[in-house]
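For reference, the structure is listed below as structure tokens.
In what follows, chains are A, B, ... by sequence order, proteins preceding strands, each numbered from 1.
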Number of protein chains: 2
Amino acid sequence: MKLGEGVEAAIHCAAMLAGVDGAATMPGAALAEAFGVSPSYLLKHLNMLTAAGILESVPGPAGGYRLAKPSERITLLDIVLAVEGREPAFRCGEIRQRGPVRLDASAYVKPCGINAAMLKAERAYRAALAEVRLSAIVADYVSEADPRSVAAGCAFVARYQRPQKVHPNQVPPSKSER
Amino acid sequence: MKLGEGVEAAIHCAAMLAGVDGAATMPGAALAEAFGVSPSYLLKHLNMLTAAGILESVPGPAGGYRLAKPSERITLLDIVLAVEGREPAFRCGEIRQRGPVRLDASAYVKPCGINAAMLKAERAYRAALAEVRLSAIVADYVSEADPRSVAAGCAFVARYQRPQKVHPNQVPPSKSER
DNA sequence: GTAGTGTTACTCGGATAAATATTGTCCGAGTGACATCGG
DNA sequence: CCGATGTCACTCGGACAATATTTATCCGAGTAACACTAC
């Protein structure tokens, strides 16, 4: 019963990416620097989030990551499952059948009660995570955390986010930062 | 997010030990044989259950393990925590403080919202496990599972359980088995 | 001045190694049962 | 026949490897920006 250390980083990265405007992106190296983790290792987890459809990655200069969908539609469960895997934590190995007494297979049609109880508990865990949207995490952070921390976070985002190349028929964003 | 394989064995062992009468014990080797797992490795988990006050161990010949308290007072949560450790699965490393912007410690008096959400989910998980008593597991098994499986389990228990030496002022149990 | 083109620097992505936790195995300390011996 | 005693077999308990998983790192493929050149 131990969650990988990358889950925490993944959630923090997603929360920070929720603060970038529009289609702008943020490089993985900047995210790694923001939290003091290994850049190369963080990319692995960000890659899993991308494969799960939570993030989008843009290659090349001015590339990076951004949310693939609005933060209201991303839950903590999505992130945890993407990083830790979708299979349940408790896997019934059917050890009740592995003893010396080999009964007929028809004696084991009923599912293992222990397995059922463990999976029910895990469903409760996942349900609790599914109720927390990324937008709620960000809103709570902005309203509850120390204003200095919020200001530092916003400054970091503004400093490192890279606006995307605009297509000719689109109006370029205001050249506010750098 | 992966539970050790020993958890399943530990729960099954506890359920089987709930079937031994009174103060009788069952050797760890018999439990290992019942589920087809390594005897030496199972002892490690049984030892953890003993350290947690769930089981009692009796050394010497006719020794073994038995429940340390009635099965109504043992929950799945007790067993899972004893085997997997009591600390929560999600450990907040406070990576929000590890970035390049070093704010004053007073900016982090509020707990991390992400950590709060993860711990709340884990509390739901543990609450669900705490509601399942070992006696309920056994009762469900006896009433729901295939009668052949129940009979085989009872026979196994009767075959391998070792009655304890009775003190002089106590009446010896019926010499039914072996 | 403008369009085309080549270079370049920056990004992600996957393959590769080190560290750690889990799983599995072994041997030793301790204890009560059993057989033996003596009364 | 009953009791004391020494031996012994059986138990758990912790120390010792092997394996799997997690963590960390490096190098390559790809892409868009940038500078340069030609028109």
Side-chain angles (χ1 to χ4, degrees), chain A residues 1-10 13 23-33 35-51 55-66 83-85 87 89 91 93 95 160-167 172 178, chain B residues 1-10 13 17 23-33 35-51 55-66 83-85 87 89 91 93 95 160-168 172 178:
Chain A
M1 190 63 183
K2 189 170 67 76
L3 259 67
E5 191 179 338
V7 178
E8 185 183 7
C13 286
T25 65
M26 202 164 173
L31 291 167
E33 188 187 354
F35 301 117
V37 299
S38 278
S40 309
Y41 184 40
L42 184 63
L43 285 194
K44 182 170 187 153
H45 296 299
L46 295 178
N47 203 1
M48 290 178 177
L49 294 179
T50 304
L55 301 185
E56 280 177 352
S57 69
V58 178
Y65 293 93
R66 94 191 119 198
V83 176
E84 288 288 319
E87 61 225 28
R91 298 141 299 166
I95 63 175
Y160 280 104
Q161 75 176 2
R162 312 285 186 193
Q164 285 305 289
K165 177 184 184 178
V166 292
H167 289 74
R178 181 174 177 70
Chain B
M1 192 62 185
K2 190 170 66 75
L3 259 66
E5 191 179 337
V7 180
E8 186 183 7
C13 286
L17 286 174
T25 64
M26 201 163 174
L31 291 167
E33 189 187 353
F35 301 117
V37 299
S38 277
S40 308
Y41 185 39
L42 184 63
L43 285 193
K44 184 170 185 153
H45 296 298
L46 295 177
N47 202 0
M48 289 177 179
L49 294 179
T50 304
L55 300 186
E56 280 178 353
S57 70
V58 178
Y65 293 94
R66 92 189 123 199
V83 176
E84 287 288 319
E87 62 223 28
R91 296 141 300 164
I95 64 174
Y160 280 104
Q161 74 177 1
R162 312 282 187 197
Q164 286 305 290
K165 176 183 185 179
V166 293
H167 289 74
R178 179 180 178 68

Give the intermediate values and the outcome of side-chain contact (heavy atoms from CB on, under 4.5 Å) for residues A:M1 and B:M1. CA-CA 6 Å; A:M1 190 63 183; B:M1 192 62 185; 4.1 Å; yes

For the student: nearest non-hydrogen atoms of A:A24 and A:P163, plus distance: CB-CA, 4.0 Å

Roughly how many Å is it from NE2 in A:H45 to P in C:dG13, rounded to a whole number? 14 Å

What is the separation between atom CG on A:L42 and atom P on D:dC26, rounded to the nearest whole Å? 16 Å

Verify, without hydrogens or angle tests, whether B:R66 (side chain) and B:E56 (backbone) share a donor-acceptor contact under 3.5 angstrom. no

In whole angstroms, how far is the C1' atom of C:dA21 from the CG atom of A:L3? 15 Å

Is there a donor-acceptor pair closer than 3.5 Å between any side-chain N or O of A:T25 and the backbone N or O of A:A62? yes

How long is the line joining CE of A:M48 and P of C:dG13, in whole Å? 12 Å

Just one of A:V37, A:L46, A:L43 clears the side chain to side chain contact (heavy atoms under 4.5 Å, CB included) bar with A:L31, so which one? A:L46

Within the 4.0 Å limit for protein heavy atoms, which parts of nucleotides 9-17 of chain D are touched? Write it as a string from 5' to 3', B for base, S for sugar-phosphate only, - for none. BBSSSS---

Between CD of B:E5 and C1' of D:dT19 the distance, given in whole Å, is 13 Å

Whole angstroms only, please: what is the OH-C1' distance between A:Y41 and C:dA17? 14 Å

So CD of B:E84 and CG of B:L3: to nearest 0.5 Å the spacing works out to 4.5 Å

For DNA chain D, what are the stems built from at least three Watson-Crick or G-U pairs in a row, each pair having both distances below 3.5 Å? C:1-39 with D:1-39

Would B:R91 and A:E8 count as a side-chain contact (heavy atoms from CB on, under 4.5 Å) here? Give the steps. CA-CA 8 Å; B:R91 296 141 300 164; A:E8 185 183 7; over 6 Å; no

Looking only at heavy atoms, what is the nearest atom pair of B:L42 and B:G28, with distance? CD2-O, 4.1 Å

Nearest-Å distance for atom pair NZ/P, residues A:K2 and D:dT22: 8 Å

